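Please read the structure below before turning to the comments.
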Amino acid sequence: MKYIIGNWKMNKTAGEIVEFTRGLKKYKFPKNSNVIFGLAVPYVYLLGMSKLQGHFLIGAQNVSSHENGAYTGEISAEMLADVGLDFCIVGHSERRHLFNESNADVNNKLKRLQEYDMLPILCIGETLEEFEANKTKSVLSEQIKSALDGLDLKKEMIIAYEPVWAIGTGKSASAEIIKDTTAFIKDELNALKVDYPILYGGSVNPANASEILHIENVDGALIGGASLDSDKFVQIGSCLY
Ligand code: PGA
């Protein structure tokens, strides 16, 4: 199974979502294909995505680390499950770096999602500074261990490897780096006796998708910029069928 997951981040208006959905209509999605498409949509539009749900997985980009109560502006895992979402992204690098989310916050968010059996897409990745200092593996190992601490590892999860230096830069990591790093992640997961799908994210586009998606241990892609355009988004997945 391969996952093609778009992350719209803080983009799109209702009108632009209608355009996007219209843009999908010209494509035939193969039945029984082993490719699953999904979209992580801003909260306010989630309920309006129900028409696409069933064909696409629909998910949120973030969840509160708290259960519920006096946390103005937060959205709980219970709420996400209540409106029937399929998944939720946790620990995206923008959350970690722009909103100071710690590994402990990420762990708490995963616990909240597990309480409602919601599929998490856990993002991990090193900064440019860490990459240049050869710290990628130790950073990823720490991110994985702290995120999974105390969780029920038998429940489903997807891991997205997103080098921070490749996100939104137009420069994806090389196939060699992706191959080496995802193999390392796979080993780390195997040591914990789990075998979660591993996605790559960071400047995936229709031109580089085929090479990236055919790398051993890459089970799909998490796509930011290119997922805003229905043609580019579908083209990325169509190299698999
Ligand atoms: P990008 O974003 O595809 O625009 O690099 C990826 C992501 O942030 O998930």
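Whatever order the structure lists ligands and atoms in, that order sets their numbers, starting from 1. It should be emphasised that the depicted structure is a prediction, and the values quoted were computed from it without experimental measurement.
Distances between N or O atoms of Ile223 and those of ligand 1 include no value under 3.5 Å. Backbone and side-chain nitrogen or oxygen atoms of Lys9 are examined, and one is located within less than 3.5 angstrom of a nitrogen or oxygen of ligand 1. Inclusion of His92 in the set of residues having an N or O under 3.5 Å from an N or O of ligand 1 is warranted. Taking any N or O of Gly168, backbone or side chain, at least one lies under 3.5 Å from an N or O belonging to ligand 1.
Proximity of Ser93 to ligand 1, defined as any heavy-atom pair under 4.0 Å, is not found for any part of the residue.
Atom CE of Met118 is separated from atom CE of Met157 by 13.5 Å, given to the nearest 0.5 angstrom.
Two residues are said to be in side-chain contact when any heavy atoms from C-beta on lie closer than 4.5 Å; His97 and Val164 meet this criterion. The closest side-chain heavy-atom distance from Ile89 to Cys123 is below 4.5 Å.
Under a 4.0 Å heavy-atom criterion, Ala226 is not in contact with ligand 1. Ligand 1 lies within reach of Gly202, whose nearest heavy atom is under 4.0 Å from it. A heavy-atom separation below 4.0 Å is found between Ala166 and ligand 1.
Residues Asn190 and Lys186 bring no donor and acceptor atom of their side chains to less than 3.5 Å of each other. No side-chain donor-acceptor contact under 3.5 Å links Ser141 and Lys137.
Using a 4.0 Å cut-off to heavy atoms of Gly225, the atoms of ligand 1 that qualify are 1 (P), 3 (O), 4 (O). Near Leu222, with a cut-off below 4.0 Å to any heavy atom, the atoms of ligand 1 are 9 (O). Against a heavy-atom cut-off of under 4.0 Å, Gly224 is close to the following atoms of ligand 1: 1 (P), 2 (O), 3 (O), 4 (O), 6 (C).
Within the set Lys171, Gln61, Glu162, the minimum heavy-atom distance to atom 7 (C) of ligand 1 is found for Glu162.
Residue Asp117 is tested with Arg112, Lys154, Lys155 for a salt bridge (Lys or Arg N to Asp or Glu O under 4.0 Å); the sole match is Lys155.
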Trace of the side chain to side chain contact (heavy atoms under 4.5 Å, CB included) decision for Ile144 with Ile159: CA-CA 9 Å; Ile144 292 170; Ile159 307 288; 5.5 Å; no
Verdict with supporting geometry, Tyr27 and Phe233, ring-ring contact (aromatic ring centres under 6.0 Å, His included): CA-CA 11 Å; Tyr27 294 101; Phe233 185 52; over 10 Å; no
